[in-house]
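Below you'll find the structure, written out as structure tokens, and then a few comments.
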Protein chains: 2
Amino acid sequence: MDLGPDDEIDHGAPLAPYKQLAAILTARIKRGDWQPDRAIPSEQQLVQQYGIARATVRRAIALLVEQGVLYVVPQRGTYVRRADG
Amino acid sequence: MDLGPDDEIDHGAPLAPYKQLAAILTARIKRGDWQPDRAIPSEQQLVQQYGIARATVRRAIALLVEQGVLYVVPQRGTYVRRADG
DNA sequence: AGACATTTGTACGTATGTATT
DNA sequence: AAATACATACGTACAAATGTC
């Protein structure tokens with residue numbers, strides 16, 4: 001891969017920022033930054049870490065939820081899905 | 001049902017506006033306001049007709065696309081799906 | 001009980017980009 | 001060139017549920 005955990009969002013790139021973030025988060029999960037059933041950083045933290053709007057963060061998360069990579073617990077956090085579901 | 005085509009969005013109701021709009025559009029389609037493979041009003045028109053934000057309209061549409069009720073043709077419009085798909 | 005911070009859910013308005021007509 | 005229409009992103013605000021003190 002070419003999207004490491006330290007990559008930044010490039011607003012000039014052809015790929016939409018929310019897709020870039022989704023790719024970055026996926027890479028970080030595969031890399032083991034966050035374990036299954038463990039929360040990833042909060043939306044607000046991702047906003048600050050990547051310098052993008054919360055709506056963009058939420059969109060990236062929604063994409064990964066669709067893909068079965070993450071699951072959200074309201075008022076609690078966003079978690080990494082276990083391999084077996 | 002109780003959500004007819006002339007219903008308005010009630011911001012005070014427990015059901016989120018985007019869900020209210022989805023229900024309204026579904027009712028209007030069932031009622032025959034728009035035929036299969038015909039475009040529903042544009043996002044901007046729905047914004048004006050129902051007095052809600054465009055993001056809310058888009059959310060309602062996304063919900064109905066998920067449910068197979070509508071399909072979107074980029075740069076063209078949003079259409080009613082035929083029963084057989 | 002109460003106060004407070006955290007986190008997600010929802011909605012608003014606005015701006016820009018891209019493609020079609 | 002202009003209007004139309006969807007795609008994406010920004011910022012802001014408040015609600016609701018949760019957890020802590």
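Protein chains get the first letters and strands the later ones, always in sequence-line order, with residue 1 at the start of each.
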**Fill in**
A:Tyr79 atom OH is separated from D:dT18 atom C1', nearest whole Å, by 10 Å
**Message:** Taking the nucleotide of DNA chain C with the nearest heavy atom to each, does A:Ala55 or A:Val73 sit closer to the 5' end?
**Reply:** A:Val73
**Prompt:** In Å and rounded to the nearest 0.5 Å, what is the CG to CG distance from A:Asp10 to A:Leu15?
**Reply:** 10.0 Å
**Item:** Phosphate contact (D:dC10 OP1 or OP2) by A:His11 side-chain N/O below 4.0 Å
**Value:** yes
**Message:** For a quick test of reading the model, state the closest non-hydrogen atom pair linking B:Arg82 to B:Pro36 and the distance between them.
**Reply:** CG-CB, 3.7 Å
**Request:** Tell me whether the OP1 or OP2 atom of D:dG11 has a side-chain N or O from A:Arg54 closer than 4.0 Å.
**Result:** no
**Message:** Once hydrogens and angles are ignored, does a donor-acceptor distance under 3.5 Å link the base of D:dT18 to the side chain of A:Gln75?
**Reply:** no
**Request:** Using atom CD1 of A:Ile61 as one end and atom C1' of C:dG9 as the other, report the distance to the nearest whole Å.
**Result:** 12 Å
**Request:** Using only side-chain N and O atoms of A:Arg58, determine if any of them is under 4.0 Å from OP1 or OP2 of C:dT8.
**Result:** no
**Request:** Give a yes/no on whether any side-chain N or O of A:Ser42 is located under 4.0 angstrom from OP1 or OP2 of C:dT7.
**Result:** yes
**Pairing partner of D:dA1 (Watson-Crick or G-U wobble, both distances under 3.5 Å)** = none
**Message:** Can you confirm whether B:Asp37 sits close enough to B:Tyr71 that some side-chain heavy atom of one is under 4.5 Å from a side-chain heavy atom of the other?
**Reply:** yes
**Message:** Among C:dT8, C:dG13, D:dG11, which nucleotide has an atom closest to any side-chain atom of A:Ala53?
**Reply:** D:dG11
**Prompt:** Is any side-chain nitrogen or oxygen of A:Arg76 closer than 4.0 Å to OP1 or OP2 of D:dA17?
**Reply:** no
**Asked** What integer distance in Å separates A:Leu63:CG from D:dT8:P?
**Response** 10 Å
**Request:** Between D:dC10, C:dC12, C:dG9, spot the one nearest the side chain of B:Ile52, thanks.
**Result:** C:dC12
**Asked** Quick one: on DNA chain D, does A:Gly51 or B:Gln44 contact a more 5' nucleotide (nearest heavy atom)?
**Response** B:Gln44
**Item:** Separation between OH of B:Tyr79 and CG of B:Leu70, rounded to the nearest 0.5 Å
**Value:** 12.0 Å
**Item:** Between D:dA7 (P) and A:Lys19 (NZ): distance, integer Å
**Value:** 10 Å
**Item:** B:Thr78 vs D:dA5: side-chain N/O to OP1/OP2 distance below 4.0 Å
**Value:** no
**Spacing of A:Glu43 atom CD relative to D:dT12 atom P, expressed in whole Å** = 17 Å
**Rounded distance (Å) that lies between atom C1' of D:dC10 and atom CG of A:Leu21** = 15 Å
**Asked** B:Gln48 CD to D:dA5 C1': how many Å, rounded?
**Response** 13 Å
**Per B:Val72 side chain, nearest of listed nucleotides D:dA7, C:dT8, D:dC10** = D:dA7
**Complete:** Rounded to whole Å, the CG-C1' distance (A:Leu46 to C:dT7) equals 12 Å
**Complete:** What one should report as the nearest heavy-atom pair of A:Gln20 and A:Glu8 is OE1-O, 4.1 Å
**Message:** Nearest 0.5 angstrom please: B:Leu64 CG to B:Thr26 OG1, how far?
**Reply:** 4.5 Å
